[in-house]
Amino acid sequence: KKFVRYLLSCNFGEVLVVFLAAILGLPLPLIAVQLLLMNLLTDGLPALALGVDPAAKDVMERGPRSPKEHIIGWPMIRTIAIVGSVMCIGVLGLFKWALASGGSLEMARSVAFTGVIAFQLFDVFNARSADKSILQSCLPSKWLFAAVASSIGILLAVVYVPALHALFGTTSLSAVWLGWSVLVAASIIVIIEGEKAVLRLIKGVNTSKNSVCMSQS
């Protein structure tokens, strides 16, 4: 479920970025070779690491799941929609801002490319738990941290190694633009943590109501 939730939300965000840019009449924020690189490496490595993520410490304290429960249920669909929408708004905002500031199309695409990957690398930690916060669910995982480090290395190489610029349609970014891309992408942590907090609050209220009803009966 972690694997599926992460991949679907990230790919939904990528599709929204390209689709909405076309509707708005903007140049393509991401070209085909950039999308291919993201799907083969920066998407795939963290997703595979999630597949071998250690189980939560309280997994044996949870009740059994319903046999009718689907892998992709409404809670996951809601989260996928939130992540994809936030990623789309953030990346397109960065892309338009870069163009409006007088940057070249290659520079704006480099900003969008960096933003998309940063969003995904932040979101992989959200995907480790559907209800617990990052601090509670961030168990040590050498495979996940190795995958994230590898993805960061690939990103920096594509953006800052001149020999790769022509191949991937990128250009070197200033520290300011790199910082803004990472800062905007970090918003996904705040938003999904907020969603989880609301869900825990609702669950707590429902549990209290059920306890009161049982005691009265």
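Computed from heavy atoms alone, side chains included, the values below leave out hydrogens, waters and symmetry copies.
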- Query: Under 3.5 Å, is there a donor-acceptor pair between the side chain of S187 and the main chain of L183?
  - Reply: no
- Nearest-0.5 Å distance that lies between atom CG in D43 and atom CG in L35: 9.5 Å
- Task: Could you walk me through whether L48 and F3 pass side chain to side chain contact (heavy atoms under 4.5 Å, CB included), step by step?
- Result: CA-CA 7 Å; L48 289 173; F3 179 95; 4.2 Å; yes
- Query: Looking at side-chain heavy atoms only, is the closest gap between N126 and T79 below 4.5 Å?
  - Reply: no
- Query: Any sub-3.5 Å donor-acceptor pair from D123's side-chain atoms to F119's backbone N or O?
  - Reply: no
- Decide yes or no for Y6 and Q120: does some side-chain heavy atom of the first lie under 4.5 Å from some side-chain heavy atom of the second? yes
- Before giving the answer on side chain to side chain contact (heavy atoms under 4.5 Å, CB included), spell out for K1 and I72 the whole-Å C-alpha distance, their side-chain angles and the decisive distance to 0.1 Å. CA-CA 8 Å; K1 290 181 74 173; I72 306 177; over 6 Å; no
- Item | Gap separating the CD1 atom of I189 from the CZ atom of F122, nearest 0.5 angstrom | 6.5 Å
- Message: Just verifying a value: how many Å separate S150 OG and W143 CH2, rounded to the nearest 0.5 Å?
- Response: 10.5 Å
- Item | T170 and E106 side chains, donor-acceptor separation under 3.5 Å | no
- Item | Cluster check L24, F19: I/L/V/M/F/W/Y, side chain < 4.5 angstrom | no
- Taken to the nearest 0.5 Å, the spacing of I188 CD1 from E195 CD works out to 9.0 Å
- Query: Would a distance-only check, ignoring hydrogens and angles, find a side-chain to backbone donor-acceptor pair under 3.5 Å from K96 to L26?
  - Reply: no
- Note on the structure: CG (L94) and OG (S110) are apart, to the nearest 0.5 Å, by 12.5 Å
- Message: For F145 and F125, I'd like to know if the aromatic rings sit close, meaning centre-to-centre distance below 6.0 Å.
- Response: yes
- Is S85 reaching over with its side chain to a backbone N or O of I82, donor-acceptor style, under 3.5 angstrom? no
- Task: Check the hydrophobic clustering (I, L, V, M, F, W, Y; side-chain heavy atoms under 4.5 Å; chains of links allowed) and say if L156 and V159 are grouped together.
- Result: yes
- Minimum heavy-atom separation for L105 to P27, with atom names? CD1-CB, 3.7 Å
- Message: If hydrophobic clusters are built from ILVMFWY residues whose side chains come within less than 4.5 Å, do I152 and L40 share one?
- Response: yes
- Query: Is L16 close to I89 at the side-chain level, that is, under 4.5 Å between some pair of heavy atoms?
  - Reply: no
- Message: Is there a path of hydrophobic side-chain contacts, each under 4.5 Å between heavy atoms of I/L/V/M/F/W/Y residues, joining L8 to V15?
- Response: no
- Task: Check whether any side-chain heavy atom of V190 sits under 4.5 Å from a side-chain heavy atom of E193, and report yes or no.
- Result: no
- Message: The test is side chain to side chain contact (heavy atoms under 4.5 Å, CB included); show your working for M107 and W177 and say whether it passes.
- Response: CA-CA 10 Å; M107 178 268 199; W177 279 110; 2.9 Å; yes
- Query: Under 3.5 Å, side chain of Q34 to main-chain N/O of I31, donor-acceptor pair present?
  - Reply: yes
- Return the minimal non-hydrogen interatomic distance between A185 and G115, and the atom names on each side. CB-O, 4.0 Å
- What about V176 and V111, same hydrophobic cluster or not, with Ile/Leu/Val/Met/Phe/Trp/Tyr joined at side-chain heavy-atom distances under 4.5 Å? yes
- Decide yes or no for V124 and K2: does some side-chain heavy atom of the first lie under 4.5 Å from some side-chain heavy atom of the second? no
- Message: Looking at every non-hydrogen atom in both residues, tell me the closest pair between A118 and V182 and how far apart they are.
- Response: CB-CA, 4.4 Å
- Message: Quick check: do H165 and S172 have side-chain heavy atoms less than 4.5 Å from each other?
- Response: yes
- Task: Output yes when a side-chain donor or acceptor of Y160 lies under 3.5 Å from a complementary backbone atom of L173, and no otherwise.
- Result: yes
- Note on the structure: Separation between CD1 (I80) and CG (L7), nearest 0.5 Å, reads 10.0 Å
- Query: What pair of heavy atoms forms the shortest contact from M87 to V17, and how long is it?
  - Reply: O-CG2, 4.3 Å
- Taking all atoms of both residues into account, what is the closest heavy-atom pair of L37 and F168, and its distance? CD2-CE2, 3.8 Å
- Item | Whether over 12 other heavy atoms sit under 6.0 Å from W180 CH2 | no
- Where do V83 and F12 land on the side chain to side chain contact (heavy atoms under 4.5 Å, CB included) test, with the steps shown first? CA-CA 8 Å; V83 172; F12 180 57; over 6 Å; no
- Item | Any side-chain heavy-atom pair of S151 and L41 under 4.5 Å | no
- If every non-hydrogen atom of R109 is compared with every non-hydrogen atom of L28, which pair is closest and at what distance? NE-O, 2.7 Å
- Any V91 side-chain heavy atom under 4.5 Å of F113 side chain: no
